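First comes the structure, then the notes that go with it.
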Amino acid sequence: MASAELLGTLVEATLAVSAAVVLVLLLRRRLRDSFGTRVAYAVWWLVPAALAAVLLPAAVQPVAPMVFTPVAAMAAAAAAPVAVAGPMDTSPWWLAAWGLGATLVLVWMARLQRRFHRAMGPVHVRPDGLHEATAVVGLPAAMGLVRPRVVVPADFEQRYDAGERELMQAHERLHIRAGDLHSNALASALRCAFWFNPLVHVAWFTFRHDQELACDQRVIARYPHARRRYGEAMFKIQLAAQPLPLACHWGFGHPLKERIAMLTRPVPSRTRRLGGALLMTALALGVGFAAWSAQPARTAETPLATSTRPLPKGHLMARIEATGAPGREESFVIANPAGQPFAISLGEGADAFHMDASMKPVGGDRIQLDGVVTQGGKVVGKPKLVVTDGTPAVIQIGEEFGGAFKGLKLAMTLTAHGELPVPPAPPAPPLPPLPSVGSVAPPAPPALADAPGLPAPPAPPAPPAPTSQLAPVPPVPPAPPERVVAKRVIVRDVDQTTTAPHAQRQSRVRIEGAEATFEGDWEPAQADGTRVCNGTVQADNLGRHFTCVADPKAPATP
C-alpha cells in the first residue's frame, strides 16, 4: 500500500474514532441512569467497532475497462506545450511524524509502567494466593496480561479489617474476570496510534473511570449488604496519581464522590441489563455500518475478455488506472507498436483530462513513455517516464491539500511481455426456421396428358421419406468470432476554423497490403484509405472484416 493510501486510511480512522468517542461521551451518563454502570462501560466498545469497520475493505463498484488494441490514433496539439511540474508527495513525511509520535507515547507508557513496578519493591506470594508488595501507594491492584495477579500493599492486614479485605479482593478479581486488563491494553494501543487526537486522551481517563464504576456495581451486586463497609474502604486507599496502561487500580487520582454516590443507587434488574445489552448490540452494529459505508467505494474492473493472447512482437502494452475528481476513475489497456501514438481521456466537458502519449524501448528492459496532458484545451503537463519492464509507476499532475490530492493521477505499468485480453465473440444470429417435413407436397405433373401427339408426362417424384428416416441436418458452422478492435477511442483533432482542439469519440482503421470489407455505420473512406467509425469497431480474427456499431451519443465527424 502506498504512503498516500496509508495516510488516507489514517485520516479516515481518525474521523471514525473521533465520531465514536463523541457519541460515547454523549450517551454514557444517560445509559448509566437507565441501565446501570456496566452498560455505560460497555458502550466504549463502539470506538474499536468504528475503527474495525473503517479498516474493512470498502464496497466494490464494478467498472468496465476500456480496451484498446493496435489501432492508429491521431493527435495534434493546439499550442506550444508548457511543462507543469507536479507537487512533491509529502505523505511519507506525515507518516514518519505519526510513527515517531506513536513510538514516543509507547516509550512513555512503558516507562510509567516500569516505574510503578520498581516503586512496589520486592513482591512475595502470601499463603492466600495474593502478592504483597513493600509499597502502599496505588495498591491493591490487578496486574498482568498473561498471568494476572492481585497485588496488595504491605499494610494490607493492618489498614483494613477482614470484611474490607474481602471486598477489595473481590473488586480486583472481578477486574480480572471481566477482562479489564486486556481492555486497558487495547485502549493503550489506541492512545498510542491516535496520540495526536485530544479526544482519545480525554476518552482514556473517562473510560477508566467508567471501568471502576462498573466493577463497583458488580461488587455491590454480590455483597448487597456491604455498601457502607465498601465505601469506608474507599476512603482508606492511597490513590495512584494516574491509571497505569496495563493494570487496574482500586482507584486513581480522581474524586470519589461519584463512586460513593453510586453505592446508594439500587442495582439494575436483570431485565434492564438485558435491554441495555440489546441496545448496545444495535448501537455497535449501527456505528460499524455507518463507518464502513462512509468509505469511498473501490472500483474493480469487469473484464470484457474471456481469454488472452500474447502481445505481438514489437508491441508495447500499458495498463493505466486514471483517477481524477472523486467518482472519476477509469481503466485503460493500450497495446501499440513501439513509437505509435495513442490517446486516452478521463471525464467530460471542460474539466476533462486528455493525454496524448507514445511508448518506446530505451535499452535493456526499460520502457519510456512521453506524453502531453491537457485539460480544457490547455497543456497542464508533459510527463516523461522511464521504468523497468513490469514495474508499477505513478504520474501525478495537480496539487495536494492536507494529504488529499486534487488533479490527475495515472497509476501505470509498462511492459513488452504482457497478455492481451481477447473480447468474447458476439452470439451468432439465429437461423431461419426450416419448413415442416409433413407440409412438403410433391409437385403436380403438368396438365398435358390429353394433348395429342405429345409424349406422356414424366412420372412425379417419389414423396419424401418420413421424418424418422431423414438423415440429420448437419449443424451450421458458427460465424467466425469477432473481437473489439476499438471502443470509444478519444481522438484529438484540430478544428480547421478555430484551431482549437476538441475531443471526438472515433475509431480509425486503415488496412494496407490486403483486401478488407467494411459493414455498418462507417463514414466515407478518406483519401489515405482510412475508415472512421463513430462508435465501436468489431473485427474477425483474420483482421479482414470490420463492422461499425454507431454510438448514438457520439458526435459526427467534422
Side-chain angles (χ1 to χ4, degrees), residues 1-32 37 39-59 90-106 108-109 180 182-214 242-243 245 254 276 279-298 326 400-406:
M1 184 181 291
S3 57
E5 296 178 355
L6 284 174
L7 186 60
T9 302
L10 180 61
V11 172
E12 293 177 2
T14 302
L15 294 177
V17 168
S18 300
V21 168
V22 171
L23 180 61
V24 171
L25 293 177
L26 293 176
L27 293 178
R28 54 187 289 269
R29 290 187 180 274
R30 294 180 180 272
L31 292 175
R32 184 192 308 165
T37 57
V39 175
Y41 171 56
V43 78
W44 285 104
W45 281 104
L46 296 182
V47 178
L51 177 61
V54 169
L55 298 180
L56 289 176
T90 59
S91 55
W93 297 99
W94 288 106
L95 288 177
W98 168 77
L100 178 61
T103 302
L104 291 177
V105 174
L106 179 62
W108 170 73
M109 287 186 177
D180 291 340
H182 298 87
S183 298
N184 292 345
L186 176 60
S188 300
L190 293 178
R191 197 180 181 191
C192 290
F194 300 98
W195 57 269
F196 53 87
N197 190 347
L199 282 174
V200 173
H201 299 285
V202 173
W204 162 259
F205 291 97
T206 309
F207 163 76
R208 295 298 298 270
H209 182 52
D210 288 346
Q211 185 182 85
E212 292 300 322
L213 291 176
Q242 58 181 326
H254 63 82
L279 178 61
M280 276 301 310
T281 303
L283 282 174
L285 293 176
V287 169
F289 180 76
W292 176 78
S293 60
Q295 301 180 83
R298 298 182 297 114
E400 188 172 0
F401 299 95
F405 181 74
K406 182 179 180 181

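Only a predicted model underlies this, so the values are computations on that prediction, with no experimental measurement involved.
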What's the shortest heavy-atom distance between L27 and L283, and which atoms?
-> CD1-CD1, 4.1 Å

Give a yes or no on whether the backbone of W195 and the side-chain of W98 come within a donor-acceptor separation of less than 3.5 Å.
-> no

Side chains of L51 and L190: closer than 4.5 Å at any heavy-atom pair?
-> yes

Does the side chain of W44 reach to within under 4.5 Å of the side chain of L186, using non-hydrogen atoms?
-> no

D210 CG to R208 CZ distance, which is reported to the nearest 0.5 Å = 11.5 Å

Please round to the nearest 0.5 Å and tell me the distance separating atom CZ of F194 and atom NE2 of H201.
-> 11.0 Å

For residues S18 and V22, determine if any side-chain heavy atom of one lies less than 4.5 Å from a side-chain heavy atom of the other.
-> no

All heavy atoms of A284 vs all of A49, minimum pair found to be O-CB, 4.4 Å

In Å and rounded to the nearest 0.5 Å, what is the OH to CG distance from Y41 to D180?
-> 3.5 Å

Do side-chain atoms of S91 reach the backbone of L7 as a donor and acceptor pair under 3.5 angstrom?
-> no

In short, A13 meets V54 closest at the heavy-atom pair N-CG1, 3.9 Å

Nearest-0.5 Å distance that lies between atom CG in L95 and atom OG1 in T90 | 9.5 Å

Nearest-0.5 Å distance that lies between atom CH2 in W204 and atom NE2 in H209 | 15.0 Å

Quick one: CG on L6 to CH2 on W94, what's the gap to the nearest 0.5 Å?
-> 16.0 Å

Kindly check if the number of other-residue, nucleotide or ligand heavy atoms within 6.0 Å of CZ (F196) is above 12?
-> yes

Side chain proximity check, V21 to N197, heavy atoms < 4.5 angstrom = no

Show your working on side chain to side chain contact (heavy atoms under 4.5 Å, CB included) between L31 and L279 and close with a plain yes or no.
-> CA-CA 10 Å; L31 292 175; L279 178 61; 3.8 Å; yes

Which heavy atom of A50 sits nearest a heavy atom of A16, and at what distance?
-> CB-O, 3.9 Å

Between A40 and R28, the two heavy atoms sitting closest are CB-O, 3.4 Å

